[in-house]
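The sequence lines fix the lettering, A, B, ..., with proteins before strands; numbering per chain opens at 1.
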There are 2 protein chains.
Amino acid sequence: MSISSRFSVGIHILTLIEINKDGVSSSEYLAASVNTNPAVIRKIMGMLKKAGLLKVQPGIAGAELAKDLSDITLLDVYKAVNVVKDNELFSIHENPNPDCTVGRNIQNTIEPLFFTAQNTLENVFKNVTIEDVVKDIFEKEKVNAKSK
Amino acid sequence: MSISSRFSVGIHILTLIEINKDGVSSSEYLAASVNTNPAVIRKIMGMLKKAGLLKVQPGIAGAELAKDLSDITLLDVYKAVNVVKDNELFSIHENPNPDCTVGRNIQNTIEPLFFTAQNTLENVFKNVTIEDVVKDIFEKEKVNAKSK
DNA sequence: CGTCCTGTAACTACAATGAATACAGGTAAT
DNA sequence: ATTACCTGTATTCATTGTAGTTACAGGACG
């Protein structure tokens with residue numbers, strides 16, 4: 001099992017729109033950078049738009065960020081692209097046997113653990129913004145240029 | 001997307017084997033508590049055995065823990081049942097365009113973030129043992145008895 | 001030898017992913 | 001208004017993972 005690449009693609013899209021803010025970020029342009037089909041990009045853009053992260057209009061080429069760079073966290077993206085339903089990162093087997101000590105208590109014991117783990121994970125993403133990603137990409141670009 | 005219930009079933013199995021240590025924990029017995037098919041249980045038991053958490057022998061009914069209760073962490077179980085391949089909790093889109101500033105750097109920017117998130121998640125499970133789970137189940141059982 | 005067990009393989013149904021194609025409908029320039 | 005290009009969306013497809021089921025080979029043991 002792996003969490004869908006919609007998450008990383010979503011980050012890619014938002015980052016590129018920012019870096020290309022003087023140009024036109026059409027789904028085709030973005031698809032060329034991500035290296036996938038424009039329809040896939042449009043679908044993800046639709047999710048980002050629905051979450052209020054992106055401004056796009058039918059018929060008009062290009063998209064722009066709907067919020068300030070530093071106001072978009074990776075958690076926003078994570079939630080937007082719907083890679084994991086709320087509190088369902090881990091699935092718990094259904095209907096354990098209520099006639100067994102373990103069966104009738106295991107769910108209540110495990111659930112809080114799973115929720116904690118999930119929250120911990122999400123907190124990591126809550127503390128990183130698209131601005132951080134943009135800065136890091138410029139950083140990496142600089143290092144590459146020097147090493148040539 | 002959800003992480004396979006093999007994880008919660010694995011915890012259930014180990015916990016029940018402990019609590020039923022004076023009895024015989026056959027795959028059929030465990031399956032009745034988990035409420036699934038014995039073959040499913042045997043498959044997961046095979047994984048737990050392979051990871052050195054469980055002692056089982058062909059032909060002999062029952063299984064027992066291969067380690068001390070307090071030496072089996074949930075992370076051991078998590079790794080054992082192979083619900084997430086190493087460092088692949090998040091999938092990153094392949095082959096982004098190297099001719100684009102974002103395309104050629106995004107993977108190196110995102111990967112460390114994903115690894116951090118994954119490690120944070122796993123650390124939660126590293127700090128909980130089967131012993132903790134067993135204790136919590138007895139705790140919950142006590143509370144239930146009182147509320148009757 | 002018969003019985004019960006574990007270990008596996010094979011098959012099923014089902015859901016999610018990611019890519020691809022197609023097209024309806026919006027926008028705008030000519 | 002016609003044309004060209006865009007977004008939004010439905011549909012289809014191949015692939016993969018999950019979870020359950022059945023079946024059976026082979027071990028253990030009375």
Side-chain angles (χ1 to χ4, degrees), chain A residues 1-10 12-13 17 23-51 54-64 66 80-85 88-96, chain B residues 1-10 12-13 17 23-32 34-51 53-64 66 78 80-85 88-97:
Chain A
M1 193 285 324
S2 253
I3 288 173
S4 165
S5 68
R6 282 199 303 277
F7 185 25
S8 65
V9 172
H12 189 143
I13 289 174
I17 287 175
V24 175
S25 297
S26 65
S27 63
E28 193 174 353
Y29 171 79
L30 295 168
S33 174
V34 171
N35 190 26
T36 184
N37 195 288
V40 172
I41 297 292
R42 287 200 291 272
K43 194 172 176 187
I44 298 176
M45 285 173 79
M47 293 175 166
L48 296 172
K49 179 184 181 181
K50 199 173 159 190
L54 211 59
K55 278 185 279 189
V56 209
Q57 280 180 320
I60 305 180
E64 49 186 87
V81 296
N82 201 32
V83 283
V84 172
K85 286 182 201 150
E88 289 187 21
L89 176 55
F90 299 93
S91 42
I92 301 187
H93 54 293
E94 312 260 307
N95 310 316
Chain B
M1 190 284 326
S2 254
I3 288 173
S4 166
S5 67
R6 284 200 301 278
F7 185 25
S8 65
V9 172
H12 189 144
I13 289 174
I17 288 175
V24 176
S25 296
S26 66
S27 64
E28 192 174 351
Y29 171 79
L30 296 168
V34 171
N35 190 24
T36 183
N37 195 288
V40 172
I41 297 293
R42 288 200 291 273
K43 194 172 177 187
I44 298 178
M45 284 173 78
M47 293 175 166
L48 296 172
K49 179 184 182 180
K50 200 173 160 191
L53 306 180
L54 209 58
K55 278 186 280 189
V56 208
Q57 280 179 320
I60 304 181
E64 48 186 271
Y78 178 87
V81 297
N82 200 33
V83 283
V84 172
K85 285 183 202 150
E88 291 188 21
L89 176 55
F90 298 93
S91 41
I92 301 187
H93 54 293
E94 312 259 307
N95 311 315
N97 191 341

Applying salt bridge (Lys or Arg N to Asp or Glu O under 4.0 Å), can you list everything that pairs with E88(B), at least two apart in sequence or on another chain? none

Figure out the CD/C1' separation between E88(A) and dA16(C), and round it to whole Å. 14 Å

Residue met sooner reading DNA chain D from 5', once T36(B) and K85(B) are mapped to nucleotides: K85(B)

Sorted by chain and residue number, the salt bridge (Lys or Arg N to Asp or Glu O under 4.0 Å) partners of K43(A) (sequence neighbours excluded) come out as none

Hits for side chain to side chain contact (heavy atoms under 4.5 Å, CB included) against N35(A), two or more places apart or cross-chain, chain-then-number order -> N95(B)

Short heteroatom pairs, N/O only, protein and nucleotides 24-30 of chain C, under 3.5 Å:
from    : atom 1 : to     : atom 2 : distance (Å)
dG26(C) : N2     : G59(A) : O      : 3.4

Is there a donor-acceptor pair closer than 3.5 Å between any side-chain N or O of S5(B) and the backbone N or O of S8(B)? no

Most 5' of M1(B) and A63(B) on DNA chain C, judged by nearest nucleotide: A63(B)

Let's see if you get this right: which residues in residues 38-47 of chain A place a heavy atom under 4.0 Å from DNA chain D? A39(A), R42(A)

Classify the side-chain pair S33(A)/H12(A) by whether it contains a donor and acceptor separated by less than 3.5 Å. yes

Taking side chain to side chain contact (heavy atoms under 4.5 Å, CB included) as the test, write out the residues that go with M47(B), two or more places apart. R6(B), V81(B)

Which atom names give the shortest non-hydrogen contact between M1(B) and V84(A), and what distance separates them? CE-CG2, 3.4 Å

Can you name the residues that form a side chain to side chain contact (heavy atoms under 4.5 Å, CB included) with A32(A), not counting sequence neighbours? none

S91(A) side chain vs S2(B) backbone, donor-acceptor pair below 3.5 Å: no

State which residues pass ring pair (Phe, Tyr, Trp, His ring centres under 6.0 Å) with Y78(B); sequence neighbours excluded, sorted by chain then number. F7(B), F125(B)

For K49(B), report the nucleic acid contact type (base, sugar-phosphate, nothing); a contact means any heavy atom under 4.0 Å. sugar-phosphate

Grab the CD1-P distance between I13(B) and dT6(C) for me, whole Å please. 11 Å

Determine the contact category for S2(B): base if any of its heavy atoms lies under 4.0 Å from a base atom, sugar-phosphate if only primed atoms, P, OP1 or OP2 are that close, otherwise nothing. nothing

Under the side chain to side chain contact (heavy atoms under 4.5 Å, CB included) test, residues paired with A66(B) that sit two or more places apart: K55(B)

Considering only heavy side-chain atoms of N37(A), the closest of dA20(C), dA16(C), dG7(C) is dA20(C)

May I ask you to verify if any side-chain N or O of S26(B) is less than 4.0 angstrom from the OP1 or OP2 atom of dC4(C)? no

How would you give the extent of chain A contacts on DNA chain D, as first and last nucleotide 5' to 3' within a 4.0 Å heavy-atom cut-off? dC6(D) to dT9(D)

Between dT3(C) atom P and E28(B) atom CD, what is the distance in whole Å? 16 Å

